[in-house]
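The structure presented is a predicted model; accordingly, all values stated were derived computationally and were not measured. One is the number of the first residue; the rest follow in order along the sequence.
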Amino acid sequence: SSVFGTMTRKILAGLQRAARITCDSTAVRTELVGRGLVPADRMTVVQLGVTRIFAPAPNPACDREAAALLHSPLPGASEILHVGSTVPRKRIDVLLRICAAVRNDFPDVRLVHVGDSLTPQQQRIASDAGLADRLVAVNGVHDPILAALYRRAALVLLPSEREGFGLPLVEAMASGTLVVASDLPVLREVGGSAAEYCAAGDVDAWQATVTALLRERSDNPARWQQRRDGGCLRASRFTWTQFAASMVDVYWSLLSGASPSGERGRSAESGRSAESLALQRDSSPKVARAFQASDIR
(Lines give C-alpha, C1' and ligand atoms only; values in the text may rest on other atoms or scores of the structure.)
Protein backbone atom coordinates (compact mmCIF):
# COMPACT_ATOMS: atom_id res chain seq x y z
CA SER A 1 0.00 0.00 0.00
CA SER A 2 1.04 3.63 -0.31
CA VAL A 3 1.17 3.92 3.48
CA PHE A 4 3.49 0.94 3.75
CA GLY A 5 5.68 2.30 0.96
CA THR A 6 5.97 5.67 2.71
CA MET A 7 6.82 4.01 6.02
CA THR A 8 9.47 1.83 4.38
CA ARG A 9 11.13 4.82 2.70
CA LYS A 10 11.31 6.59 6.07
CA ILE A 11 12.88 3.50 7.65
CA LEU A 12 15.48 3.35 4.88
CA ALA A 13 16.22 7.06 5.24
CA GLY A 14 16.77 6.56 8.95
CA LEU A 15 19.09 3.62 8.34
CA GLN A 16 21.13 5.65 5.89
CA ARG A 17 21.51 8.54 8.38
CA ALA A 18 22.50 6.31 11.31
CA ALA A 19 26.07 6.47 12.60
CA ARG A 20 25.92 2.78 13.55
CA ILE A 21 23.56 -0.02 12.53
CA THR A 22 23.31 -3.36 14.28
CA CYS A 23 21.97 -6.45 12.53
CA ASP A 24 20.70 -9.60 14.22
CA SER A 25 22.52 -11.79 11.71
CA THR A 26 25.35 -11.81 9.19
CA ALA A 27 22.83 -12.78 6.51
CA VAL A 28 20.92 -9.53 6.97
CA ARG A 29 24.11 -7.49 7.01
CA THR A 30 25.30 -9.17 3.82
CA GLU A 31 22.01 -8.45 2.07
CA LEU A 32 21.92 -4.79 3.10
CA VAL A 33 25.51 -4.30 1.97
CA GLY A 34 24.96 -6.29 -1.22
CA ARG A 35 22.02 -4.11 -2.20
CA GLY A 36 24.11 -1.00 -1.64
CA LEU A 37 21.65 0.38 0.91
CA VAL A 38 24.07 1.02 3.79
CA PRO A 39 27.90 1.33 3.93
CA ALA A 40 29.51 -1.79 5.36
CA ASP A 41 31.74 0.18 7.72
CA ARG A 42 28.72 1.35 9.72
CA MET A 43 27.20 -2.09 10.25
CA THR A 44 27.78 -4.59 13.05
CA VAL A 45 26.29 -8.02 13.71
CA VAL A 46 24.90 -8.39 17.23
CA GLN A 47 23.01 -11.65 17.58
CA LEU A 48 20.01 -11.95 19.85
CA GLY A 49 19.90 -14.05 22.99
CA VAL A 50 17.52 -16.45 24.70
CA THR A 51 16.48 -16.22 28.33
CA ARG A 52 17.07 -19.02 30.81
CA ILE A 53 13.32 -19.56 31.02
CA PHE A 54 13.66 -21.59 27.83
CA ALA A 55 15.18 -24.83 29.11
CA PRO A 56 14.43 -28.56 28.82
CA ALA A 57 13.87 -29.00 32.57
CA PRO A 58 10.16 -29.30 33.41
CA ASN A 59 8.26 -26.61 35.26
CA PRO A 60 5.23 -28.46 36.69
CA ALA A 61 3.03 -25.39 37.21
CA CYS A 62 3.70 -23.95 33.75
CA ASP A 63 3.46 -27.38 32.14
CA ARG A 64 -0.01 -27.86 33.66
CA GLU A 65 -1.12 -24.43 32.50
CA ALA A 66 0.11 -25.13 28.97
CA ALA A 67 -1.77 -28.45 28.92
CA ALA A 68 -4.96 -26.71 30.08
CA LEU A 69 -4.50 -24.04 27.41
CA LEU A 70 -4.46 -26.72 24.73
CA HIS A 71 -7.63 -28.42 25.98
CA SER A 72 -6.35 -31.88 26.90
CA PRO A 73 -5.01 -33.45 23.68
CA LEU A 74 -5.75 -37.03 22.75
CA PRO A 75 -3.48 -39.60 24.44
CA GLY A 76 -0.38 -40.22 22.34
CA ALA A 77 -0.93 -37.21 20.07
CA SER A 78 2.22 -35.64 18.62
CA GLU A 79 2.21 -31.87 18.68
CA ILE A 80 3.84 -29.78 15.97
CA LEU A 81 4.42 -26.22 17.10
CA HIS A 82 4.72 -23.00 15.14
CA VAL A 83 5.54 -19.70 16.86
CA GLY A 84 5.22 -16.45 14.94
CA SER A 85 2.92 -14.12 13.08
CA THR A 86 0.67 -15.00 10.15
CA VAL A 87 2.08 -12.48 7.65
CA PRO A 88 2.63 -13.90 4.15
CA ARG A 89 6.41 -14.45 4.49
CA LYS A 90 5.77 -16.90 7.37
CA ARG A 91 4.10 -19.24 4.84
CA ILE A 92 1.33 -20.47 7.10
CA ASP A 93 -0.28 -21.94 3.98
CA VAL A 94 2.73 -24.23 3.59
CA LEU A 95 2.71 -25.09 7.30
CA LEU A 96 -0.92 -26.23 7.09
CA ARG A 97 -0.29 -28.34 4.01
CA ILE A 98 2.76 -29.95 5.63
CA CYS A 99 0.79 -30.97 8.70
CA ALA A 100 -2.06 -32.30 6.57
CA ALA A 101 0.41 -34.42 4.58
CA VAL A 102 2.12 -35.73 7.74
CA ARG A 103 -1.24 -36.92 9.06
CA ASN A 104 -1.26 -39.57 6.33
CA ASP A 105 1.40 -41.40 8.35
CA PHE A 106 0.63 -40.00 11.81
CA PRO A 107 -3.12 -39.48 12.12
CA ASP A 108 -2.82 -38.23 15.70
CA VAL A 109 -0.60 -35.28 14.82
CA ARG A 110 -2.00 -31.89 15.69
CA LEU A 111 -0.74 -28.38 15.04
CA VAL A 112 -0.31 -25.74 17.73
CA HIS A 113 0.14 -22.18 16.48
CA VAL A 114 1.27 -19.46 18.89
CA GLY A 115 0.87 -15.96 17.50
CA ASP A 116 -1.62 -13.94 15.51
CA SER A 117 -5.00 -15.41 14.63
CA LEU A 118 -5.14 -17.16 11.27
CA THR A 119 -6.50 -15.10 8.40
CA PRO A 120 -9.79 -16.17 6.77
CA GLN A 121 -7.81 -17.58 3.83
CA GLN A 122 -5.56 -19.58 6.16
CA GLN A 123 -8.61 -20.87 8.01
CA ARG A 124 -10.07 -22.07 4.71
CA ILE A 125 -6.83 -23.89 3.88
CA ALA A 126 -6.90 -25.56 7.31
CA SER A 127 -10.51 -26.62 6.81
CA ASP A 128 -9.91 -27.94 3.29
CA ALA A 129 -6.86 -29.86 4.56
CA GLY A 130 -8.91 -31.57 7.25
CA LEU A 131 -7.13 -29.82 10.11
CA ALA A 132 -10.11 -28.04 11.63
CA ASP A 133 -10.17 -30.41 14.63
CA ARG A 134 -6.37 -30.75 14.74
CA LEU A 135 -5.40 -27.10 15.04
CA VAL A 136 -5.10 -25.03 18.21
CA ALA A 137 -4.21 -21.34 17.91
CA VAL A 138 -3.25 -19.34 21.01
CA ASN A 139 -1.96 -15.83 21.52
CA GLY A 140 -0.73 -13.63 24.33
CA VAL A 141 1.15 -16.29 26.30
CA HIS A 142 3.98 -15.24 28.59
CA ASP A 143 7.46 -16.70 28.20
CA PRO A 144 7.17 -19.34 30.98
CA ILE A 145 4.06 -20.78 29.30
CA LEU A 146 5.63 -20.48 25.86
CA ALA A 147 8.63 -22.42 27.16
CA ALA A 148 6.26 -25.14 28.37
CA LEU A 149 4.64 -25.27 24.92
CA TYR A 150 8.07 -25.70 23.35
CA ARG A 151 8.94 -28.53 25.75
CA ARG A 152 5.80 -30.52 25.09
CA ALA A 153 6.06 -30.25 21.29
CA ALA A 154 7.50 -33.08 19.25
CA LEU A 155 8.82 -30.66 16.64
CA VAL A 156 8.90 -26.95 15.90
CA LEU A 157 8.47 -25.94 12.25
CA LEU A 158 9.65 -22.66 10.71
CA PRO A 159 8.54 -22.71 7.05
CA SER A 160 9.18 -18.97 6.48
CA GLU A 161 10.47 -17.76 3.15
CA ARG A 162 12.26 -14.77 4.76
CA GLU A 163 13.60 -14.17 8.27
CA GLY A 164 15.90 -11.68 9.97
CA PHE A 165 17.04 -14.01 12.76
CA GLY A 166 14.48 -16.63 13.74
CA LEU A 167 14.23 -16.31 17.52
CA PRO A 168 11.78 -19.25 17.85
CA LEU A 169 14.53 -21.45 16.42
CA VAL A 170 16.84 -20.61 19.33
CA GLU A 171 14.05 -20.78 21.91
CA ALA A 172 13.02 -24.23 20.69
CA MET A 173 16.59 -25.57 20.75
CA ALA A 174 17.12 -24.16 24.24
CA SER A 175 13.95 -25.95 25.35
CA GLY A 176 15.23 -29.28 24.04
CA THR A 177 12.88 -29.42 21.05
CA LEU A 178 13.94 -30.34 17.53
CA VAL A 179 13.41 -27.84 14.72
CA VAL A 180 12.79 -28.17 11.00
CA ALA A 181 13.37 -24.84 9.29
CA SER A 182 13.39 -23.40 5.80
CA ASP A 183 16.77 -23.65 4.13
CA LEU A 184 17.60 -19.94 4.38
CA PRO A 185 21.12 -18.60 5.01
CA VAL A 186 19.96 -16.77 8.13
CA LEU A 187 18.33 -19.86 9.67
CA ARG A 188 21.39 -22.01 8.91
CA GLU A 189 23.50 -19.30 10.53
CA VAL A 190 21.44 -19.55 13.70
CA GLY A 191 20.62 -23.26 13.81
CA GLY A 192 23.83 -24.72 12.41
CA SER A 193 23.86 -28.51 12.33
CA ALA A 194 21.45 -28.74 15.28
CA ALA A 195 18.38 -28.18 13.07
CA GLU A 196 17.02 -29.88 9.96
CA TYR A 197 16.36 -27.85 6.80
CA CYS A 198 14.02 -28.10 3.83
CA ALA A 199 13.55 -25.87 0.81
CA ALA A 200 10.97 -23.17 1.49
CA GLY A 201 7.63 -24.14 0.02
CA ASP A 202 8.55 -27.76 -0.84
CA VAL A 203 5.73 -29.58 0.97
CA ASP A 204 6.90 -33.03 -0.15
CA ALA A 205 10.39 -32.50 1.26
CA TRP A 206 8.96 -31.18 4.53
CA GLN A 207 6.58 -34.13 4.82
CA ALA A 208 9.42 -36.61 4.32
CA THR A 209 11.67 -34.90 6.88
CA VAL A 210 8.97 -34.45 9.53
CA THR A 211 7.73 -38.02 9.09
CA ALA A 212 11.25 -39.44 9.39
CA LEU A 213 11.90 -37.45 12.56
CA LEU A 214 8.63 -38.53 14.18
CA ARG A 215 9.50 -42.14 13.43
CA GLU A 216 12.96 -41.66 14.90
CA ARG A 217 11.40 -40.22 18.03
CA SER A 218 9.66 -43.51 18.75
CA ASP A 219 12.11 -45.96 17.17
CA ASN A 220 15.49 -44.50 18.19
CA PRO A 221 15.17 -42.54 21.45
CA ALA A 222 18.95 -42.48 21.94
CA ARG A 223 19.48 -40.67 18.63
CA TRP A 224 16.54 -38.38 19.44
CA GLN A 225 18.17 -37.42 22.74
CA GLN A 226 21.45 -36.72 20.97
CA ARG A 227 19.62 -34.29 18.70
CA ARG A 228 18.00 -32.58 21.69
CA ASP A 229 21.35 -32.25 23.45
CA GLY A 230 22.90 -30.81 20.30
CA GLY A 231 20.17 -28.20 20.08
CA CYS A 232 20.63 -27.16 23.71
CA LEU A 233 24.37 -26.83 23.15
CA ARG A 234 23.84 -24.71 20.05
CA ALA A 235 21.34 -22.46 21.81
CA SER A 236 23.77 -21.83 24.66
CA ARG A 237 25.79 -19.65 22.26
CA PHE A 238 23.04 -17.04 22.21
CA THR A 239 22.84 -15.08 25.46
CA TRP A 240 21.52 -11.66 26.39
CA THR A 241 24.73 -11.11 28.35
CA GLN A 242 26.74 -11.39 25.14
CA PHE A 243 24.18 -9.24 23.34
CA ALA A 244 24.51 -6.51 25.98
CA ALA A 245 28.31 -6.65 25.94
CA SER A 246 28.35 -6.37 22.15
CA MET A 247 25.95 -3.42 22.22
CA VAL A 248 28.18 -1.69 24.78
CA ASP A 249 31.08 -2.18 22.35
CA VAL A 250 29.04 -0.59 19.56
CA TYR A 251 28.48 2.52 21.67
CA TRP A 252 32.13 2.65 22.69
CA SER A 253 33.20 2.43 19.04
CA LEU A 254 30.87 5.31 18.22
CA LEU A 255 32.20 7.43 21.07
CA SER A 256 35.82 6.67 20.22
CA GLY A 257 35.37 7.13 16.48
CA ALA A 258 36.60 3.60 15.74
CA SER A 259 35.11 1.51 12.96
CA PRO A 260 32.83 -1.27 14.23
CA SER A 261 33.69 -4.91 13.71
CA GLY A 262 31.21 -6.14 11.12
CA GLU A 263 31.08 -9.76 12.15
CA ARG A 264 31.01 -9.83 15.91
CA GLY A 265 30.22 -6.36 17.18
CA ARG A 266 33.41 -6.38 19.28
CA SER A 267 35.61 -3.30 18.96
CA ALA A 268 39.26 -3.24 19.90
CA GLU A 269 40.05 -2.35 23.51
CA SER A 270 43.27 -0.56 22.68
CA GLY A 271 43.22 3.12 23.57
CA ARG A 272 40.44 2.88 26.12
CA SER A 273 41.11 4.09 29.62
CA ALA A 274 41.11 1.66 32.52
CA GLU A 275 38.12 3.54 33.89
CA SER A 276 36.09 3.13 30.69
CA LEU A 277 36.83 -0.60 30.49
CA ALA A 278 35.87 -1.06 34.12
CA LEU A 279 32.64 0.80 33.45
CA GLN A 280 31.85 -1.50 30.53
CA ARG A 281 32.51 -4.64 32.56
CA ASP A 282 30.37 -3.28 35.37
CA SER A 283 27.47 -2.16 33.19
CA SER A 284 27.18 -5.05 30.72
CA PRO A 285 25.65 -7.56 33.19
CA LYS A 286 23.18 -4.90 34.32
CA VAL A 287 22.13 -4.22 30.74
CA ALA A 288 21.89 -7.97 30.15
CA ARG A 289 19.59 -8.38 33.13
CA ALA A 290 17.37 -5.64 31.74
CA PHE A 291 17.09 -7.48 28.44
CA GLN A 292 16.42 -10.79 30.21
CA ALA A 293 13.55 -9.16 32.09
CA SER A 294 11.98 -7.80 28.92
CA ASP A 295 9.71 -9.54 26.45
CA ILE A 296 11.65 -9.31 23.18
CA ARG A 297 10.45 -11.42 20.26
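- Heavy atoms of other residues, nucleotides or ligands lying less than 6.0 angstrom from CZ of Arg162 number 12 at most.
- When the side chain to side chain donor-acceptor pair (under 3.5 Å) test is applied to Ser160, the partners found at least two apart in sequence or on another chain are Glu163.
- Side-chain contact annotation: Ser246 with Gln242, donor-acceptor N/O pair under 3.5 Å present.
- Between Arg217 and Ala154, the shortest heavy-atom contact is NH1-CB, 3.5 Å.
- The two residues Val186 and Gly164 come nearest to each other via the heavy atoms CG2-O, 3.5 Å.
- Heavy-atom contacts from other residues, nucleotides or ligands closer than 6.0 Å to CZ of Arg89 number more than 12.
- At least one side-chain heavy atom of Asp183 sits under 4.5 Å from a side-chain heavy atom of Arg188.
- Counting heavy atoms from C-beta outward, Leu95 and Trp206 have side chains that stay 4.5 Å or more apart.
- Ionic pairing of Asp229 and Arg227 is not present here: no N-O contact between side-chain nitrogen and carboxylate oxygen is shorter than 4.0 angstrom.
- With hydrogens and angles disregarded, a donor-acceptor distance shorter than 3.5 Å links the side chain of Gln16 to the backbone of Leu37.
- In terms of heavy atoms, Leu15 sits closest to Ile21 at O-CD1, 3.2 Å.
- Within the 4.5 Å cutoff, side-chain heavy atoms of Val190 are placed close to those of Phe238.
- Taking all atoms of both residues into account, the shortest heavy-atom contact from Gly192 to Tyr197 is O-OH, 2.7 Å.
- Formation of a donor-acceptor pair under 3.5 Å by the Arg151 side chain with backbone atoms of Pro58 is not found in this model.
- In plain terms, the two heavy atoms of Glu196 and Leu213 that are nearest each other are CG-CD1, 4.0 Å.
- Nearest heavy-atom pair, Ile92 versus Thr86, reported as atom, atom and distance to 0.1 Å: CG1-CA, 3.9 Å.
- Using a 4.5 Å heavy-atom threshold, the side chains of Asp63 and Arg152 count as separate.
- Scanning for side-chain contact (heavy atoms from CB on, under 4.5 Å) contacts around Ile145 gives Cys62, Glu65, Ala66, Leu69, Val141, with sequence neighbours left out.
- Looking at Leu149 and Glu79, their side chains never come closer than 4.5 Å, going by heavy atoms from C-beta outward.
- The environment of Gln121 atom CD is sparse: at most 12 non-hydrogen atoms of other residues, nucleotides or ligands sit within 6.0 angstrom.
- In this structure, the side chains of Leu178 and Arg228 come closer than 4.5 Å at one or more pairs of heavy atoms.
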